[in-house]
2 protein chains.
Amino acid sequence: MTGMAAPQTEARLLVVEDDPNILELLSASLRFAGFDVSTATSGSAAVNAAKDRRPDLVVLDVMLPDLDGFEVIRLMRESGTRTPVVFLTARDATDDKIRGLTLGGDDYVTKPFSLEELTARIRAVLRRTTAGEQSPSRLTFADLELDEETHEVYRAGERIQLSPTEFKLLRYLMLNANRVLSKAQILDHVWNYDFRGDDNIVESYISYLRRKVDTTQPRLIHTLRGVGYVLRKPAT
Amino acid sequence: MTGMAAPQTEARLLVVEDDPNILELLSASLRFAGFDVSTATSGSAAVNAAKDRRPDLVVLDVMLPDLDGFEVIRLMRESGTRTPVVFLTARDATDDKIRGLTLGGDDYVTKPFSLEELTARIRAVLRRTTAGEQSPSRLTFADLELDEETHEVYRAGERIQLSPTEFKLLRYLMLNANRVLSKAQILDHVWNYDFRGDDNIVESYISYLRRKVDTTQPRLIHTLRGVGYVLRKPAT
DNA sequence: GGAGTCGCTGAGAAGAACCTGAGAGTAGCC
DNA sequence: GGCTACTCTCAGGTTCTTCTCAGCGACTCC
């Protein structure tokens, strides 16, 4: 668990969200992904926390009880901090202000999101905005390659087309290579947090993935009956 | 996004604008485009900032609470600096002074503008006014050529007529060749900041562009379903 | 070796994403 | 004032994607 493959370990995040359930979900999983997480549940608390803690990135719900997310950012930037932001917005948010969010290297994720989605965006924004490029956008495992920016996947140099969900699942497996992942765990990370189906969807997508990326020897995606799945080289 | 293709990296800009929203919009995106940006929210502050910081170019709203933009320029030039300017004006500004701006190497952009438009003008003015020719006015990608000054576009040497929006979109794609651009990102950069339509307009214009510039092999404009669009050579 | 459980996969329905033709409205031009 | 070119919206069609269900095979445990 400690050596989470994610290379952004140690980046300081400030998560701002008023719904306690979502806040708990976010802070627990981001912490687990290796980030140094602090939290705030209101806009004004967020502005203060940003001053004190100087986070490397802010995850910010645009709908807050006191100030809205855009006000928070303005106040934070007036006080000199130039911190990148990943916004959380409602799906239908046709709100005027949502336009323009991608301008300063920032990004946004619409609720309900998946944790995989959110952490991928966080990694991408950190990659773009921090001078020293820390985490490469390309993941590799054995002869598998996955480019997070272009969404391209190769097996043994051969280009493979994946659907968005297949892509997210493979990325999650690769980020956690050699670690056994239960179906519940995969469901929690790769699917939106409001997904109400059952485990079988994971089996289905594992099946799709195998057909597309795991037809050649050696097989990389292994089933551990009653336990879960793992991406690893055989002979282990 | 890190290596923003724009070659004007490092030029020092002073942005003068009293509307905090627009100022934030401008400074965030110009900074992200690689400029070294400082800001002022009033005419007098601008004059001082120009003395201190000696910017290579000033982006200046003509409507300011204290002095108007032309006064600001006069004061700045009395103190000896001959800094080029890109003015921001209201759409209906038929003001005599605005015309004739292009004579001195300066230029203007009418509000509401698109960021593509503004950064293109900034690049053009810097190109004209700085001795060392830095950024060429002609962009090329594969057998595509686009001349920023004459607004001419060629595919395989063949002249192609584009509408203004088609031209801006293609320029944005070319400046970001091989980088995946989401529809939101394209909307934010290519369309005016007050545009209130939805993503479909991007699909429409991509369709127009394809019909005009991408009918021959190899295809250069690619759709990444669920992700965005990218300009690139196949076989990658 | 039989019953029950677990996992795999094909089929298909529902929905989402994307493309494009048609047309209304508008701005610019002669 | 009329013409043209352009922008933007809408809706229908197409393709791709997601998710469910059910049947079958494989494994486990008694």
(request) May I ask you to verify if any side-chain N or O of B/Ser207 is less than 4.0 angstrom from the OP1 or OP2 atom of C/dC19? (result) no
(request) Determine: side-chain N/O of B/Thr223 to OP1/OP2 of C/dC19, distance under 4.0 Å, yes or no. (result) yes
(request) Keeping to residues at least two apart or across chains, list the salt bridge (charged side-chain N to carboxylate O under 4.0 Å, His left out) pairs with something in residues 209-221 of chain A. (result) A/Arg155-A/Asp214, A/Glu166-A/Lys212
(message) So if I define the base as every atom that isn't primed, P, OP1 or OP2, how would nucleotides 5-21 of chain D read as a B/S/- string at a heavy-atom cutoff under 4.0 Å?
(response) -SBBBBB---BBSBBBB
(request) Identify whether the distance between the nearest side-chain nitrogen and carboxylate oxygen of A/Arg121 and A/Glu148 falls below 4.0 Å. (result) no
(message) Rounded to whole Å, please give me the gap between CD1 in A/Ile221 and P in C/dG7.
(response) 16 Å
(message) Run the ring-ring contact (aromatic ring centres under 6.0 Å, His included) test against A/Tyr193 and tell me which residues pass, sequence neighbours left out.
(response) A/Phe113
(message) Per the side-chain hydrogen bond (donor to acceptor under 3.5 Å, both in side chains) rule, what does the pair list look like for residues 16-32 of chain B, sequence neighbours excluded?
(response) A/Arg74-B/Asn21, A/Arg77-B/Glu24, B/Glu17-B/Lys111
(message) Using whole Å, what does the distance between atom C1' of nucleotide D/dT28 and atom CG of A/Leu224 come to?
(response) 16 Å
(request) Compute the angle between the rotation axes at the two ends of the helix from C/dG1-D/dC30 to C/dC30-D/dG1, each taken over five pairs, rounded to 10 degrees. (result) 20°
(message) What's the separation between atom CZ in A/Phe195 and atom CD1 in A/Ile201, rounded to the nearest 0.5 Å?
(response) 5.0 Å
(request) Output every pair passing ring-ring contact (aromatic ring centres under 6.0 Å, His included) with a member in residues 198-220 of chain B, not counting sequence neighbours, ordered by first then second residue. (result) B/Trp191-B/Tyr205, B/Tyr205-B/Tyr208
(message) Applying salt bridge (Lys or Arg N to Asp or Glu O under 4.0 Å), can you list everything that pairs with A/Arg138, at least two apart in sequence or on another chain?
(response) A/Glu145, A/Asp147
(message) List the residues meeting side-chain hydrogen bond (donor to acceptor under 3.5 Å, both in side chains) with B/Asp198, not counting sequence neighbours, and say none if there are none.
(response) none
(message) Just the rounded figure in Å: distance from P of C/dC18 to NE2 of B/His222.
(response) 16 Å
(request) Kindly write out the residues that satisfy side-chain hydrogen bond (donor to acceptor under 3.5 Å, both in side chains) with A/Ser204, not counting sequence neighbours, or none if the list is empty. (result) none
(request) Using heavy atoms to find the nearest nucleotide of DNA chain C for A/Tyr229 and B/Arg211 separately, return the residue whose nucleotide is more 5′. (result) A/Tyr229
(request) Quick one, give me the B/S/- string for nucleotides 25-30 of chain C, reading 5' to 3', where B means a protein heavy atom under 4.0 Å from the base and S means that only happens at the primed atoms, P, OP1 or OP2. (result) ------
(message) Test of understanding: with salt bridge (Lys or Arg N to Asp or Glu O under 4.0 Å), list the residues that count as partners of A/Arg225, not counting sequence neighbours.
(response) none
(message) Using the ring-ring contact (aromatic ring centres under 6.0 Å, His included) criterion, which residues pair with B/His222? Sequence neighbours excluded.
(response) none
(message) Please report the distance, rounded to the nearest Å, between CD1 in B/Ile206 and P in C/dC18.
(response) 11 Å
(request) Examine C/dC6: is either OP1 or OP2 under 4.0 Å from a nitrogen or oxygen in the side chain of A/Lys183? Give yes or no. (result) no
